[in-house]
Amino acid sequence: MSGDPQLTPRKQPRQRRSQATVELILRAGASVLAGEGYAGATTNRIAEVAGVSVGSLYQYFPNKDALVLALADAHVAEMRALLAATAAAADGPVEEVVRTFVRAMIAAHVHEPALHRALVQQTLQLGFERFAADQVQIRAVVEAWIQSRQPTLGVADPKMAAFLLVATVEGTIHTAVFEDPSLLSDPAFEAELVRMVARYLSP
């Protein structure tokens with residue numbers, strides 16, 4: 001979370017009812033952001049779609065930027081969990097492991113590419129430091145897997161390799177999200193990305 005109070009949720013929901021309210025608000029925020037863009041995603045519009053009062057929204061989020069960043073946090077947490085689960089079971093041949101990793105990364109972006117475009121754009125606008133911090137979390141998962149398999153890989157520096165791999169794979173996927181989302185469902189796109197990464201990692 002950002003240290004800026006204007007970009008930080010006002011309070012965390014404790015009770016089941018308040019948790020359900022926040023979940024409704026976040027889902028509505030994602031829907032409006034994807035369908036109507038950042039300009040259309042006013043707090044009034046999000047509250048209307050969520051079926052709550054705008055006052056209820058403001059109990060948890062001081063403004064729509066705080067809500068957008070909460071959605072971005074949820075996206076990063078989902079991606080980190082996908083990668084961690086993949087890494088935990090990734091003990092096969094390098095190319096098969098890479099395919100599983102790449103598939104997990106694509107899966108984290110393939111749903112609602114319009115939402116992901118908006119999240120990337122707004123996260124960068126609201127502060128590159130935050131975007132960089134998210135990348136550090138994702139790279140840590142990849143670096144740990146490389147370290148666990150280093151004797152069988154062709155890389156000398158796991159930290160550098162993780163940096164290059166995450167930047168390459170995420171950069172490629174984000175470019176597809178912005179320019180041609182249909183690529184995310186194209187088996188050839190996945191296959192070429194796997195081939196590129198596997199060749200880099202192979203001894």
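On a predicted model such as this, the values are computed, not experimentally measured, just so you know.
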- [ ] Looking only at non-hydrogen atoms, find the nearest pair between L57 and A47 and report the distance.
- [x] CD1-N, 4.1 Å
- [ ] List the atom of L26, the atom of A70, and the distance in Å for their closest heavy-atom pair.
- [x] CD2-CB, 4.0 Å
Task: Residue pair M196 / E192, side-chain heavy-atom distance below 4.5 Å - done: no
- [ ] Kindly give the heavy-atom pair with the smallest separation between I146 and A161, and that separation in Å.
- [x] CD1-CB, 3.8 Å
- [ ] Go through the steps for F189 and I106 under the test side chain to side chain contact (heavy atoms under 4.5 Å, CB included), then give the verdict.
- [x] CA-CA 10 Å; F189 175 78; I106 292 174; 4.1 Å; yes
- [ ] Quick one: pull up CD in E143 and CD1 in I138 and give me the separation to the nearest 0.5 Å.
- [x] 14.0 Å
Task: Minimum heavy-atom distance between G29 and L71, given as atom pair plus value - done: C-CD1, 3.9 Å
Task: Partners meeting side-chain hydrogen bond (donor to acceptor under 3.5 Å, both in side chains) with D180 (sequence neighbours left out) - done: S182
- [ ] Answer with yes or no whether the hydrophobic clustering places V141 together with V136; edges join I, L, V, M, F, W, Y residues whose side-chain heavy atoms lie under 4.5 Å apart.
- [x] no
Task: side chain to side chain contact (heavy atoms under 4.5 Å, CB included) between T168 and Y200, worked out - done: CA-CA 11 Å; T168 300; Y200 170 72; over 6 Å; no
Open item on the list: Quick check for you: to the nearest 0.5 Å, what is the distance between Q150 atom CD and D157 atom CG?
Closed with: 8.0 Å
- [ ] State, to 0.1 Å, how close L184 and A176 come at their nearest heavy-atom pair, and which atoms those are.
- [x] CD2-CB, 4.0 Å
Open item on the list: Among residues at least two apart in sequence or on other chains, which ones pass salt bridge (Lys or Arg N to Asp or Glu O under 4.0 Å) with R99?
Closed with: E95, E96
Task: From OG (S18) to OH (Y60), nearest 0.5 Å - done: 4.0 Å
- [ ] For Q135 and E170, run side chain to side chain contact (heavy atoms under 4.5 Å, CB included): C-alpha distance rounded to whole Å, both residues' side-chain angles, the deciding distance at 0.1 Å, then the answer.
- [x] CA-CA 9 Å; Q135 296 301 293; E170 270 223 285; 2.7 Å; yes
TODO: Determine whether L165 and F101 make a side-chain contact, defined as any pair of heavy atoms from C-beta on separated by less than 4.5 Å.
DONE: no
Task: Residues D65, L69; criterion side chain to side chain contact (heavy atoms under 4.5 Å, CB included); working and verdict - done: CA-CA 6 Å; D65 286 339; L69 290 182; 5.6 Å; no
- [ ] Considering non-hydrogen atoms only, spot the tightest contact between V52 and S56 and give its length.
- [x] CB-CB, 4.2 Å
- [ ] Keeping the roles fixed (side chain from R117, backbone from V177), state whether a donor-acceptor pair exists under 3.5 Å.
- [x] yes
- [ ] Determine whether L153 and W145 make a side-chain contact, defined as any pair of heavy atoms from C-beta on separated by less than 4.5 Å.
- [x] yes
- [ ] Check whether V166 and L164 end up in the same hydrophobic cluster, where Ile, Leu, Val, Met, Phe, Trp and Tyr are linked by side-chain heavy atoms less than 4.5 Å apart.
- [x] yes
Open item on the list: Checking side-chain contact (heavy atoms from CB on, under 4.5 Å) between V54 and each of I46, T43, T42, which is the one that passes?
Closed with: T43
Task: Donor-acceptor contact present, side-chain K64 to main-chain Y38, <3.5 Å - done: yes
Open item on the list: Among residues at least two apart in sequence or on other chains, which ones pass salt bridge (Lys or Arg N to Asp or Glu O under 4.0 Å) with R103?
Closed with: E190
Task: ILVMFWY cluster, M160 and V169 together (side-chain gap under 4.5 Å) - done: yes
Open item on the list: Within the 3.5 Å criterion, strictly below it, is a donor on T172 or T175 matched to an acceptor on the partner's side chain?
Closed with: no
TODO: Could you tell me whether the side chain of S31 and the main chain of A28 form a donor-acceptor pair under 3.5 Å?
DONE: no
Task: Donor-acceptor contact present, side-chain T152 to main-chain R149, <3.5 Å - done: yes
